[in-house]
Every structure is written in C-alpha cells, then in structure tokens.
Amino acid sequence: MHHFGAADFAEMSDLAKSLREKLGQLATVTPPSMMAEQASADGTRKWLLDVGSMNGVETVFIPDGTRGTLCVSSQVGCALECTFCSTGRQGFNRNLSVAEIIGQLWWANHAMGRDPKGERIITNVVMMGMGEPLANYTNVVTALNIMLDDNAYGLSRRRVTVSTSGLVPAMDRLREDCPVALAVSLHAPNDKLRDVLVPINRKYPLAELMAACLRYLEKAPRDFVTFEYVMLDGINDQPEHARQLIELVRDVPCKFNLIPFNPFPDSGYRCSRGDAMRRFRDMLMQAGHIVTIRKTRGDDIDAACGQLAGQVQDKTRRVMRRMEVSH
Ligand code: SAH
Ligand code: SF4
C-alpha cells in the first residue's frame, strides 16, 4: 500500500491469492478524498483533503533543487490560538486520524510519482501544516512510524520534522517514542511577548521550553533544534528582541529559521520590513548562529506558511464567544 501505492488488495500480486482474499475480508484500503488541487508557478502544489462535514485540510509540496518537502497537516484547525496564525484563528474541529495523516503522504506520492531516474520526489516531510502535531500525539506518532518504516516510506529520522509551539510534556514523550528532527515555534524572546503571540507559553514558559529542547537533543537525529521565528513588523523584530533571543538560547544548540509573516484578512499584523529582517538576521549571525530567512513559496496559491486555511467548522465556537464577550 505505502511502498507501491496500491489502493486495492487485489492489485498486490506479490502476495499469495489466499492472503489477498483474507485481507479483503478483514480490511479496506480507502485512499483520501481530495476536494481540490492547485499548482503554483514555482512548482509548489497544494491539495485540499476532504475530512468530512464540510471540513478540509491542506497538504503542500515544495520542490527545492534535489529536495522535495511535503508539509503535512495534523488537525482540522488548531486550539492553540496563536494570534498571527490563520489556522489558529479559525478554531479547532477535530484531530486527524492516522489514515488521514499518512494518507496525505500516500496521496502526494501517488500524484507525483517518481522522477525520470526512478528516484522518489518527496524526500522530506515536515509536520508544519494545519494543527499542532503534538496535540494529536498518538495518531501523529503512529503516522511518523509509518513514514520511517522501510516497508512503507523509509524516510530517515533526519528527514522528518515535527514542528511544535512547545508542548513540553509531549516533547519529552516524543524523545522517547520517536525522536525525529525537531522545530520549535519560538516567535518571541521573552515570556511577556510570547504569552500574547503563542498563548500556550502561559502554561509552558520559555525556561521550561529551553530545558525541554536540551533534553530532546539527547536523542534527536540532528544535533540542533530549529527555532522558527515569524517576523512581525514592530512587534518582535527590534534589536532588543535579537539581543534577548541570543541570551535566551545561549546554552541550546540551534539554528534559526526566520519566517516572513504571511498576512491574512484582519490579522492585525504586518510583515517586518526587509531592512529590519536583515538587521535581525545579521545580529544573530554575529552571535555565531546559522540563520535562514524562509523563502516564501506558493504565494500565488495561498500555500505559504500560515496561509493554510482549508475549511474548518469551528466546534469550539470560539469566534462567536469572543464576539459576545466584546459586545
Ligand atoms: N502547530 C505547529 C506547526 C504548524 S505551523 C507550530 O506552531 O509549530 C508551522 C509554522 O508556521 C509555525 O512556526 C507557525 O508559527 C508558522 N506560522 C503560522 N502562521 C503564520 C503566518 N501567518 N505567517 C508565517 N508563519 C506562520
Ligand atoms: Fe496552532 Fe501552530 Fe497555528 Fe499556533 S502556529 S495556532 S500551534 S497551528
């Protein structure tokens, strides 16, 4: 199923006929159902996966030289309410099942096939689509194990990345259960600001998060954590923020990925100016860090980071509640 992309037990002619029949009686193979597909001029492709009840989540493929990265969703919406994130603003509906998570990789592999030399096109997976992967822990870890399994996708642990807003207890569990590469959405260098931008910080503040990163590194397949930092004009992009950030991560082997903020309607934020972004990057680099500014890809199809809106019917009715409170 995963290795050859078969969607029917009857196709699996390398299995004994009796086994195929038995499998057919026990289980079904149900490929994900896709509601829409878009392709960007830069080669980025985006699929909208139908997850029922008028809900859709997005999967994005980003080609970059010899690397092909699939950005996979883990939840329908997200309950963590980061203020600059369009998924978070939409509220939370439900967790994706294992089949819906791994189905995104199955589908994209199927849609893209292999390159002319027979090499696989998807070389890396990042759990950076919609949702907080560590808030759907059991299903995400099961799906990760299928990604790593030689009988399925056979990806190395270094090529599979979980991105988290910092659920500390789940980071500790992941280190024991399935230590893949780790990206942490930092976005602010002090608790006061992070409490606002990434509200889960009120539960797991920065000192605890940094300690969890260090513990994770004991088992991680890479010897650094990637810190993601969204660049918000005038909010977190000033020289004082860079100085605080350098101090914060002093003991944590890390790389920085600065993400230009991708605006969405009524976000209330603007992306940092180019000169502020470069100044911020240069200060981190002068302190000895490796820093990349993420290229915006698939902008013409709203496939860039933080633009994955999908279709989420918010079961928490949070937006309504908020409006009632403000009246
Ligand atoms: N929930 C996980 C993974 C999904 S989000 C997490 O928060 O890490 C993947 C990355 O996109 C995160 O770093 C997230 O903070 C960032 N992001 C969210 N909204 C964004 C926006 N509007 N512009 C740029 N990056 C954004
Ligand atoms: Fe959820 Fe991540 Fe968006 Fe925060 S940034 S609301 S954790 S998806």
Side-chain angles (χ1 to χ4, degrees), residues 57-60 62 69-96 101 104 125-137 140 144 160-168 170-171 174 180-188 193-204 209 212-213 225-233 235-237 254-272 277 292-299 302-310 312 314 316 318-319:
V57 299
E58 293 174 338
T59 307
V60 179
I62 308 139
T69 303
L70 193 71
C71 180
V72 169
S73 293
S74 56
Q75 297 182 308
V76 184
C78 182
L80 296 186
E81 302 195 276
C82 300
T83 48
F84 54 86
C85 171
S86 104
T87 305
R89 287 282 183 95
Q90 292 180 83
F92 176 69
N93 187 279
R94 68 173 176 85
N95 282 329
L96 292 183
I101 299 169
Q104 296 170 60
V125 172
V126 293
M127 298 298 303
M128 292 185 188
M130 297 170 70
E132 165 54 51
L134 296 186
N136 181 12
Y137 187 84
V140 165
L144 292 175
V160 176
T161 301
V162 164
S163 173
T164 180
S165 54
L167 302 187
V168 165
M171 288 166 67
L174 189 69
V180 293
L182 183 70
V184 172
S185 292
L186 207 50
H187 308 317
L193 183 56
R194 197 163 189 269
D195 280 352
V196 176
L197 298 178
V198 186
I200 194 68
N201 193 67
R202 294 175 210 157
K203 200 160 175 194
Y204 306 114
L209 182 56
C213 289
V225 172
T226 302
F227 287 127
E228 297 162 278
Y229 196 98
V230 64
M231 300 300 295
L232 302 167
D233 182 30
I235 305 276
N236 66 354
D237 64 349
C254 62
K255 290 186 183 173
F256 284 97
N257 197 342
L258 306 181
I259 315 176
F261 170 66
N262 280 305
F264 54 92
D266 300 322
S267 75
Y269 295 111
R270 279 188 317 261
C271 181
S272 301
M277 239 178 314
T292 48
I293 297 184
R294 189 176 292 174
K295 278 187 278 183
T296 292
R297 300 290 305 269
D299 224 3
D302 283 351
C305 258
Q307 288 181 336
L308 302 188
V312 180
D314 181 12
T316 56
R318 202 161 52 209
V319 178

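Just so it is clear, the values below take in all heavy atoms, side chains as well, and ignore hydrogens, waters and symmetry mates. Computed from a predicted structure; not experimentally measured. In listed order, ligands and their atoms are each counted from 1.
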Polar-atom distance check: N262 versus ligand 1, any N or O pair below 3.5 Å? yes
List the closest protein heavy-atom neighbour of atom 2 (Fe) of ligand 2: residue, atom name, distance to the nearest 0.1 Å. G131 O, 4.5 Å
Among all the protein's non-hydrogen atoms, which is closest to atom 3 (Fe) of ligand 2, and how far away is it? C85 SG, 2.4 Å
Numbering the atoms of ligand 1 from 1, which are under 4.0 Å from a heavy atom of P260? 24 (C)
Going by the atom numbers of ligand 1, which of them fall below 4.0 Å from some non-hydrogen atom of H187? 13 (O), 14 (C), 15 (O)
A135: heavy atom below 4.0 Å from ligand 1, yes or no? no
Numbered atoms and elements of ligand 1 in range of C85, under 4.0 angstrom, heavy atoms: 18 (C), 19 (N)
Among C78, S163, G131, closest by any non-hydrogen atom to atom 1 (N) of ligand 1: G131
In ligand 1, the atoms that come under 4.0 Å of a heavy atom of T164 are 6 (C), 8 (O)
Rounded to the nearest 0.5 Å, what separates atom CG in N262 from atom CE in M231? 13.5 Å
Atoms of ligand 1 close to M128 [distance to a heavy atom under 4.0 angstrom, numbered from 1]: 4 (C), 5 (S), 9 (C)
Given side chains that start at C-beta, do those of Q75 and N93 come closer than 4.5 Å, heavy atoms only? no
Assess, by modelled atom type and distance only, whether the side chains of E132 and T164 contain a donor and an acceptor separated by less than 3.5 Å. yes
Heavy atoms, side chains only, cut-off 4.5 Å: are M130 and Q90 in contact? yes
Check: Y269 side chain, T83 main-chain N or O, donor-acceptor pair, under 3.5 Å: no
Using the ring centroid of each side chain, check whether F227 and H187 are separated by less than 6.0 Å. no
With heavy-atom distances below 4.0 Å as the criterion, list the atoms of ligand 1 near V230. 23 (N), 24 (C), 25 (N)
Donor + acceptor pair across side chains of S185, Y229 (<3.5 Å): no
What protein heavy atom sits nearest atom 1 (Fe) of ligand 2, and how far away is it? C78 SG, 2.3 Å
Spatial distance of atom CG (N201) from atom CG (L193) [nearest 0.5 Å]: 9.5 Å
So, is F84 polar-close to ligand 1, with some N/O to N/O distance under 3.5 Å? yes
Please report whether ligand 1 has a polar contact with E228, defined as an N or O pair separated by less than 3.5 Å (distance criterion only). yes
Short question: side chain of R94, backbone of V76 - any donor-acceptor pair under 3.5 Å? no
Any idea which atoms of ligand 2 are less than 4.0 Å away from a heavy-atom of S165? 7 (S)
Is the closest basic N to carboxylate O distance between R89 and E81 below 4.0 Å? no
Heavy-atom proximity to atom 8 (O) of ligand 1, best of S267, S185, C271: S185
Can an N, O or S atom be found in C82 less than 2.8 Å away from atom 3 (Fe) of ligand 2? no
L167 side chain reached by L80 side chain, heavy atoms, under 4.5 Å: yes
Between S73 and E58, do the side chains contain an N or O donor and an N or O acceptor separated by less than 3.5 Å? no
Does some non-hydrogen atom of S185 fall short of 4.0 Å from ligand 2? no
For ligand 2, which atoms, with element, lie under 4.0 Å from some heavy atom of G88? 6 (S)
